[in-house]
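Just below is one structure, and these are the notes that go with it.
Lettering follows sequence order; numbering is per chain, from 1.
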Amino acid sequence: MSDNSPIIMWFRRDLRLSDHPALTAACQSGRPVIPLFIHDAQSEALGAAPKFRLGLALGCLGETLADKGSRLILRRGDALEVLREVIETTGAGAVYWSRLYDPAAIDRDTKVKETLKDNGVEACSFAGHLMFEPWTVETKTGGFYKVFTPYWKAVRGRDVAAPLATPSDIPAPPNWPESAALDDWQMDAEMQRGRDVVRPYVRLGEAAAQARLGSFMAHIVEGYDESRDMPGEDGTSALSENLSLGEISPTQCWHAGQRAMQEGKRGAETFLKELAWREFAYHLMYHTPRILDQNWREEWQAFPWNEDERRVEVLAWKQGRTGVPFVDAAMRELQVTGRMHNRGRMIVASYLTKHLMCHWRIGQKWFEEHLIDWDPANNAMGWQWAAGSGPDATPFFRIFNPDTQLDRFDKGRDYTRRWIAEGRAKPGDEALAYFDAIPRRWGRSPEDDYPDPIVDLSEGRERALDAYRNRDF
DNA sequence: AGGAGCTTGGA
DNA sequence: CCAAGCTCC
């Protein structure tokens, strides 16, 4: 008996058509494919910027599918209930998806899989979000890696299957289920700051991501070793926002990086390493999901982190008016573009957790609300790395001096000039865009004087070191 | 993926 | 006087 019932392709954070194992398998079956996105509790819970960015991505994926004679069906509600409805109305006999690794997704997907199978519906999960499934990377003693370098040594030589082509045909079902209208979901509604300011900075969709990967490999990767540390330069891949939603796959990036390495491009290996850091973050989240909301090194529970979000110093940090140019530039870049250069992320995180002695969770939450490239694993690992509470973290006493960092990584002041308008005769458009992006109630104007430092850098440093010296663990 | 303070060995 | 090296946080 040949089963020609439709397969539901349940899209989540894999919003592309190329190198998509689940979609490829569905198309190769010869059965009709129903692409579906479900706006459920988990996408509802996203921060403002990630939700806004997801809305854009869904629109783009819908268009791409329509170009191929297919559709993206949008439904809202509990994932399992929606799947059952769609199965009911279309006679679908299978649901395919790409695996996710955060605990909430794992819980949901496990329950969905069990229930569907109990009801005689085929439920198949595929790889695609990662190159190395977290349970396939083990130390010699059978544990998981807690330090990046040995993790890197364990994975760098692995075969990563060649990327899959875009399916030439996505067979349509005889009748399409109903779909919600994306506009009705208003996924940009929570963007307090100007979404129109952020929008031009978004690199949206699969085609744009591929184009960026190409130009990165052609022009940037050669000098990536140094350029990636210079926030004033276009020296990174800047593909995080696309990787986050699966508009490009890590496998595609990996193979491009391997080719660049064979061509002798100097920075190629460093790029591969950065891709491995992303895998490592997922590896850690899978094996220790508490990394998402608790000190990974539990003894840090006893550290006197300040958890009061209402402190004026915290507000100044959030609003990019600490009076420390590197910190403020980076925080304003976040407001305007929804992204932040990695050097900036390290500096603002070090400043918040050390000079201001704030709990890293406060910064983590702020990023979760504002980053259009937000990723649960990377964000948690990054913050705990900077704070010193994480696995393979920077020691707490390693405190970045944001002014010294300026001389090392923004020597020509391109970056700080780009983002800070106050005190300048003719601020550029991007520096001014910050004042359009931020909520009006912040009461900031480009005519203001640039603020004095809220905390003296050496006093802040000494205060943090004192706390570290006096810790009782 | 640091910084600061100090020593040392050479201009 | 200063860069490089070392140590501690």
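Using bins of under 30°, 30° to 60° and over 60° for the plane-to-plane angle, the ring pair A:Trp442/A:Tyr434 lands in the tilted bin.
The stretch residues 148-165 of chain A participates, sequence neighbours left out, in these side chain to side chain donor-acceptor pair (under 3.5 Å) pairs: A:Thr136-A:Arg158.
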- Item | Trace of the side-chain contact (heavy atoms from CB on, under 4.5 Å) decision for A:Asp109 with A:Ser125 | CA-CA 9 Å; A:Asp109 298 349; A:Ser125 63; over 6 Å; no
- Message: For a side-chain contact (heavy atoms from CB on, under 4.5 Å) check, start with the C-alpha distance between A:Tyr415 and A:Trp419, then their side-chain angles and the critical distance, and finish with the verdict.
- Response: CA-CA 7 Å; A:Tyr415 183 65; A:Trp419 295 113; 3.6 Å; yes
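Ion pairing of A:Arg108 with A:Asp40 is present here, as a side-chain N (NZ or NE/NH1/NH2) and a carboxylate O approach within less than 4.0 Å. Electrostatic pairing of A:Arg290 and A:Glu298 counts as a salt bridge here, judged by a charged N lying under 4.0 Å from a carboxylate O.
For DNA chain B, the contact window with chain A, defined by any atom under 4.0 Å from a protein heavy atom, covers B:dA1 to B:dA4 in 5' to 3' order.
A:Glu309 places none of its side-chain heavy atoms less than 4.5 Å from the side chain of A:Leu315. Using a 4.5 Å cut-off on side-chain heavy atoms (C-beta onward), A:Met230 and A:Asp414 make no contact.
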- Note on the structure: Scoring nucleotides 4-9 of chain C by protein non-hydrogen atoms under 4.0 Å (B base, S sugar-phosphate only, - none) yields -----B
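Contacts of A:Arg345 with the nucleic acid, taken as non-hydrogen atoms under 4.0 Å apart, are absent. In this structure, A:Thr404 reaches the sugar-phosphate backbone alone: every heavy-atom distance under 4.0 Å involves primed, P, OP1 or OP2 atoms, never a base.
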